[in-house]
Amino acid sequence: MEEKVKLAHYKVGSLPTLFYVPDFITDSDQSLLLNNIYGAPASKWKILKNRRLQNWGGVVHEKGLLPQILPPWLTNLTQKIYEESGLFPSALNHVLINEYLPNQGIMPHQDGPAYFPVVAILSLGSPVVMDFTPHARFKQDSQDDVCKDSDGGTFEIGKDKWLDDNHPFSILLMPRSLLIFKDKAYSDYLHGIKDCAVHCYDGAVNEAEALKHKESDGNLFSSEDDELETIGKGEYKNISRKSTRISLTCRLVPKVHKNLFRF
Ligand SMILES: O=C(O)CCC(=O)C(=O)O
Ligand SMILES: [Fe+2]
């Protein structure tokens with residue numbers, strides 16, 4: 001994304017606040033990030049049931065951040081996101097790095113309340129499809145979806161109408177791309193990645209944009225081109241996840257507890 005280029009140029013799908021920036025970083029930036037991530041002490045990895053993660057920037061509590069200085073190899077990235085997106089009120093101070101093997105994913109979830117409600121996710125390695133699903137709580141709470149009948153009672157609008165306005169969608173995340181979402185995409189939808197080795201990208205909101213930019217570097221990870229299969233005449237648009245994916249979820253925790261502890 002060139003400096004001062006309007007983010008609006010990268011809007012994808014029908015929500016106003018979902019942006020996909022192909023080739024946000026270069027191949028050599030990707031290699032540098034991967035070298036730093038895999039060069040971190042083994043103790044930096046937290047092992048979960050379905051993925052591994054590294055937490056950088058400090059410990060996030062519901063009431064704020066117990067901060068830890070981000071290393072320069074991460075501030076290079078967060079500063080670029082901060083400056084080029086223009087969506088954050090101050091510099092990003094937290095990065096979560098997730099590593100997924102081909103049969104691993106992340107359950108549909110909503111990001112926690114401690115974060116400023118804009119998230120920027122940089123993808124490295126194997127492509128994946130991320131699914132967005134309307135949030136059930138949003139469905140129940142939405143006053144707009146409750147209509148008054150002539151007796152003053154209320155009735156719910158039909159499920160079909162609700163789904164028209166709030167339909168699930170998916171997005172193809174190619175390596176070196178940046179996904180940014182906020183507002184409705186952040187608060188009214190869950191996002192997740194299926195834990196299976198084949199993902200279908202047919203109908204993904206950014207299909208054209210994602211497939212335009214797929215030149216590969218051929219090192220560290222197997223070629224991403226090999227992972228995109230188009231069988232027949234575009235009937236099955238699948239990804240075979242053959243290699244590891246790394247994502248860097250970059251966020252701002254506005255409330256920072258000062259001088260509580262140092263690392
Ligand atoms: O790996 C991803 O792309 C998503 C990660 C995510 O949703 C999170 O860390 O909250
Ligand atoms: Fe998330």
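Order of appearance sets the numbers: ligands from 1, and atoms from 1 within every ligand.
Between atom 7 (O) of ligand 1 and the options H109, Q104, R51, Q110, the minimum heavy-atom separation is to H109. For the residues H191, R251, R245, the heavy atom positioned nearest atom 3 (O) of ligand 1 is part of R245.
Shown in contact with I121 at under 4.0 Å from a heavy atom are these atoms of ligand 1, numbered in order with element: 3 (O), 4 (C). Short contacts between ligand 1 and L96, defined as distances under 4.0 Å to a heavy atom of the residue, involve ligand atoms 9 (O). Listed by number with element, the atoms of ligand 1 under 4.0 Å from a non-hydrogen atom of S247 are 1 (O), 2 (C), 3 (O). Set against the non-hydrogen atoms of N98, the atoms of ligand 1 under 4.0 Å away are 5 (C), 9 (O). Each of the following atoms of ligand 1 lies closer than 4.0 Å to a heavy atom of Y100: 1 (O), 2 (C), 4 (C), 5 (C). Of all the atoms in ligand 1, the ones that sit under 4.0 Å from a non-hydrogen atom of T249 are 5 (C), 6 (C), 8 (C), 9 (O).
Taking the six-membered ring wherever Trp is involved, the centroid distance between the rings of Y20 and Y10 does not fall below 6.0 Å.
Remark: K182 fails to qualify as a cation-pi partner of F88 under the 6.0 Å distance and 45° angle criteria applied to the six-membered ring.
Our summary of the site lists the angle at the Fe ion (ligand 2) between OD1 of D111 and NE2 of H191 as 90°, to the nearest 10 degrees.
For the side chain to side chain contact (heavy atoms under 4.5 Å, CB included) criterion with L18, the lone passing option out of D183, I180, L179 is L179.
The neighbour count for K46 NZ, taken as heavy atoms of other residues, nucleotides or ligands under 6.0 Å away, does not exceed 12.
Of the heavy atoms in D111, only side-chain atoms (C-beta onward) come closer than 4.0 Å to ligand 1.
The protein heavy atom nearest to atom 4 (C) of ligand 1 is M130 CE, 3.6 Å.
Rounding to the nearest 0.5 angstrom, the gap separating the CG atom in L190 from the CG atom in D111 is 10.5 Å.
For the 3.5 Å distance criterion, the side chains of S123 and R245 qualify, holding a donor opposite an acceptor. Side-chain contact annotation: E227 with S126, donor-acceptor N/O pair under 3.5 Å present.
Contact between L70 and T75 at its shortest, heavy atoms only, is CB-CG2, 3.7 Å.
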